[in-house]
Amino acid sequence: MNGLTEQTALIDKLAAQEELSLSEYERLISGRDERSAEYLFSAARKVREKYYGKDVYIRGLIEFTNYCKNDCLYCGIRRSNANADRYRLDESEILDCCKEGWSLGFRTFVLQGGEDLSFDDEKICRIVSHIKRDFPDCAVTLSIGEKSRESYQAYFDAGADRYLLRHETANEEHYAMLHPSELSARERKRCLWDLKEIGYQVGTGFMVGSPYQTARHLAEDMLFIRELQPHMVGIGPFVPHHDTPFADMSGGSAELTLFMLGLIRLTLPKVLLPATTALGTIDPLGREKGILAGANVVMPNLSPLSVRKKYMLYDNKICTGDESAQCRACLKKRIAATGYKIVAARGDHCGVTEINI
Ligand code: SAH
């Protein structure tokens with residue numbers, strides 16, 4: 001078989017069986033080229049349209065604190081970065097973001113932050129329950145890192161619907177190259193399994209092109225998400241931040257990120273798959289291309305303008321100078337240009353029947 005035939009045969013097999021072996025994923029990833037990518041994207045679009053039509057869901061991202069007790073080597077808000085200008089929003093500022101978001105058509109709010117111990121469980125539960133009280137038709141997603149099972153349960157009982165926690169890389173040795181020794185892939189995965197058992201709609205994900213990453217690591221990521229069966233998978237290219245130990249490392253490519261989006265869509269046909277800000281940062285049309293590779297979610301920023309530039313996980317992050325309404329309008333146009341359309345809905349996973357309203 002020539003290269004393209006072998007690639008298209010593997011893509012057909014993945015589309016039919018929703019899984020491949022580790023070495024098949026690895027071969028597909030390392031042997032990819034422009035033509036096999038096009039073939040993959042068209043199969044991925046077919047699958048996403050079967051379940052979600054042309055709809056694109058929006059999530060309003062509220063970056064409520066950039067204090068963090070962790071020291072991940074790639075991240076601009078790691079605790080060792082003394083140059084980060086730290087901030088936290090209080091409850092009323094967070095509720096104001098939701099209010100503005102609601103009027104712009106958002107029905108999901110994602111509260112994301114560093115691991116900031118000043119937001120203890122009681123505070124998080126209060127914020128979640130107040131958002132649910134004021135916006136009962138909206139979903140609340142938390143993305144605040146690794147916690148005990150009891151804490152996750154408490155947030156869920158307070159009304160949180162979803163939780164985002166990227167596994168970052170499924171391979172333990174690779175994980176150890178990206179994180180300080182007190183963090184481990186094992187503990188990160190424990191969190192994800194706990195979140196699933198509790199009943200959250202769970203999102204995981206990984207960076208593409210992170211330092212020392214190989215095609216085999218990416219293949220392992222595919223097997224991990226296949227096993228976990230998350231409702232959402234967020235992936236984006238690694239983008240270096242100048243004040244981190246990885247400042248001089250090269251970043252991930254849009255091309256490989258798009259290919260991985262296509263593979264994820266075929267592996268988890270009903271998954272909620274965002275075209276991320278990091279992808280839009282390294283390619284001006286990255287998010288549009290992401291939608292055309294199988295993504296069906298975008299996550300515009302709802303944080304107050306005054307803090308946008310401070311939540312700098314990586315250099316050159318886009319949309320830090322625009323008001324929420326501008327971001328929303330800009331994305332509407334961009335998505336419409338792809339032939340898809342943004343909808344004002346909670347945008348639950350289409351396999352979820354019971355929701356936590
Ligand atoms: N504290 C939360 C939120 C982390 S920030 C948590 O632990 O889940 C959200 C995501 O940004 C991370 O999971 C990571 O995948 C991504 N990220 C961080 N630094 C990055 C960088 N330099 N380039 C690209 N993505 C990055």
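Since we're looking at a predicted model, the values are computed, not measured. Hydrogens, waters and symmetry mates are skipped; everything else that's a heavy atom, side chains included, is used. Counting starts at 1 for both ligands and their atoms, in listed order.
Proximity annotation for atom 24 (C) of ligand 1: of Gly252, Pro237, Cys68, Ala278, Pro237 comes nearest, heavy atoms only.
Applying the 6.0 Å contact sphere to CD of Glu34 captures no more than 12 heavy atoms from other residues, nucleotides or ligands.
Ligand 1 has at least one atom lying under 4.0 Å from a heavy atom of Arg188. Ligand 1 lies out of reach of His241, whose nearest heavy atom is not under 4.0 Å from it. Not close to ligand 1: Gly251, with no non-hydrogen atom less than 4.0 angstrom away. Residue contact annotation: Cys72 has no non-hydrogen atom under 4.0 Å from ligand 1.
Checked for salt-bridge contact, Asp161 and Lys132 meet the test: a charged N lies under 4.0 Å from a carboxylate O. Glu115 has no carboxylate O lying under 4.0 Å from a charged side-chain N of Lys147, or vice versa, which leaves the two without a salt bridge. A salt bridge links Lys54 to Glu49: one of the charged nitrogens lies within less than 4.0 Å of a carboxylate oxygen.
Exactly one residue among Lys309, Lys310, Arg88, Lys317 makes a salt bridge (Lys or Arg N to Asp or Glu O under 4.0 Å) with Glu63. That residue is Lys317. The side-chain contact (heavy atoms from CB on, under 4.5 Å) test with Ile62 is passed by exactly one of Leu111, Asp96, Leu95: Leu111.
Ranking protein heavy atoms by distance to atom 25 (N) of ligand 1, first place goes to Met207 SD, 3.5 Å. Considering only non-hydrogen protein atoms, atom 19 (N) of ligand 1 sits nearest to Tyr74 CD1, 3.4 Å. Atom 22 (N) of ligand 1 has as its closest protein heavy atom Val239 O, 2.7 Å. From the protein, the heavy atom lying nearest to atom 11 (O) of ligand 1 is Leu313 CD1, 3.5 Å.
Proximity of Val110 to Leu164: side-chain heavy atoms (C-beta onward) are separated by under 4.5 Å at one or more points.
The aromatic rings of Tyr155 and Tyr152 stand perpendicular to each other, their planes meeting at an angle above 60°, with 30° marking the opposite boundary.
One N or O on the side chain of Arg308 and one on the backbone of Asn301 form a donor-acceptor pair closer than 3.5 Å.
Of the N or O atoms in Arg166, one or more lie within a sub-3.5 Å distance of an N or O in ligand 1. At under 3.5 Å, a nitrogen or oxygen of Gly113, whether backbone or side chain, sits near a nitrogen or oxygen of ligand 1.
Interface atoms of ligand 1 facing Phe238, defined by a heavy-atom separation under 4.0 Å, are 22 (N), 23 (N), 24 (C). Interface of Glu168 with ligand 1, defined as ligand atoms under 4.0 Å from a residue heavy atom, comprises 12 (C), 13 (O), 14 (C), 15 (O).
For atom 4 (C) of ligand 1, no protein heavy-atom neighbour is found at a distance under 4.0 Å.
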